[in-house]
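Just below is one structure, and these are the notes that go with it.
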Amino acid sequence: MRLLIMGPPGVGKGTQARGIAAHYEVPAISTGDIFRANVRNQTPLGQKVAAIMAEGGYVPDEITDAIVRDRLGEDDAAAGWLLDGYPRTLGQVEALDGVLAESGTALDAVISLVADEDVLVERLLKRAEIEGRADDNADTIRNRMAVYNQATDPLLAIYRDRGLLVEVDGIGTIEEVGGRITAALDQVAAS
Ligand code: AMP
C-alpha cells in the first residue's frame with residue numbers, strides 16, 4: 001500500500017496514520033515528525049528549519065522533497081508507506097509523482113479525513129483549555145483551518161481527478177474512524 005493521509009487540524013490524523021500504517025504493515029512517515037526530530041537533535045537540517053517551523057511557515061520544497069525522496073528510498077519503505085503531512089504544495093505533488101515514476105510505483109489511495117469545522121473548533125478549544133494554551137482561541141483555530149483548506153483544497157482536487165481520493169468521516173472514536181478507513185481501503189484494493 002502506498003498511501004497519503006490528509007485532514008484538518010484536530011481531526012486526529014496522526015493517530016489514524018499510525019494505526020493504518022500498522023494495519024498494513026508499512027511505515028508511517030510524517031514530515032513534521034522528521035523535521036521536529038531534527039530540530040530536537042540540532043542537526044544541520046534542524047538548524048535550517050527551526051525558525052521556519054517556529055513561525056508555522058513551510059519548509060522550502062527543495063528541502064522537503066529531498067527528505068521524502070531519501071526516506072522513501074529506505075529498505076523499510078520498499079513494499080509501501082503512508083505519508084502524513086506531505087505533499088502540502090503543488091510542487092511537492094509533482095516531486096512525489098517523479099519519485100513514484102522513477103521507481104515504477106504508484107499511489108493506491110489518498111485518505112481525506114472529513115469533519116465539521118465547528119466540531120473540530122470545539123475539540124481544539126477544549127484541548128487548549130486542558131493544556132493551558134491561552135494562545136489557542138476560536139480565532140486562531142479558525143485561522144489555522146482556513147490556512148489548511150487553502151493549502152489542501154487544490155491537492156485534494158488533483159487526487160479526486162485522478163480517482164484516488166477516499167473521503168472518510170473523521171468524527172467518532174479512534175477505532176470507529178480507523179475501521180471506516182480500512183473498510184474504504186479494502187474496497188479500493190478489491191476494485
Ligand atoms: P505537521 O506536524 O505536519 O503540522 O508539521 C509541522 C511543521 O513542519 C509545519 O508547520 C512545517 O513547518 C513543517 N512541515 C511539515 N511537513 C511539511 C511539508 N510537506 N512542506 C513544508 N513544510 C512542512
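Counting starts at 1 for both ligands and their atoms, following the listed order. Quick note: numbers below take in every heavy atom, side chains included, and nothing from hydrogens, waters or symmetry partners. Since the structure is predicted, the reported quantities are computational estimates derived from the model, not experimental observations.
Looking only at distances, a side-chain donor or acceptor of T31 sits under 3.5 Å from a matching main-chain atom of G85. Not one N or O on the side chain of T105 forms a donor-acceptor pair closer than 3.5 Å with the backbone of A101. A distance-only check finds a donor-acceptor pair linking the side chain of D169 to the backbone of I171 [under 3.5 Å]. With hydrogens and angles disregarded, no donor-acceptor distance shorter than 3.5 Å links the side chain of T152 to the backbone of N149. Remark: side-chain polar atoms of E122 are not paired, donor with acceptor, to backbone N or O of V119 under 3.5 angstrom.
Near ligand 1, heavy-atom contacts under 4.0 Å come from T31, G32, F35, R36, M53, G57, Y58, V59, T64, G85, Y86, R88, Q92.
A salt bridge does not link R123 to D116: none of the charged nitrogens lies less than 4.0 Å from a carboxylate oxygen.
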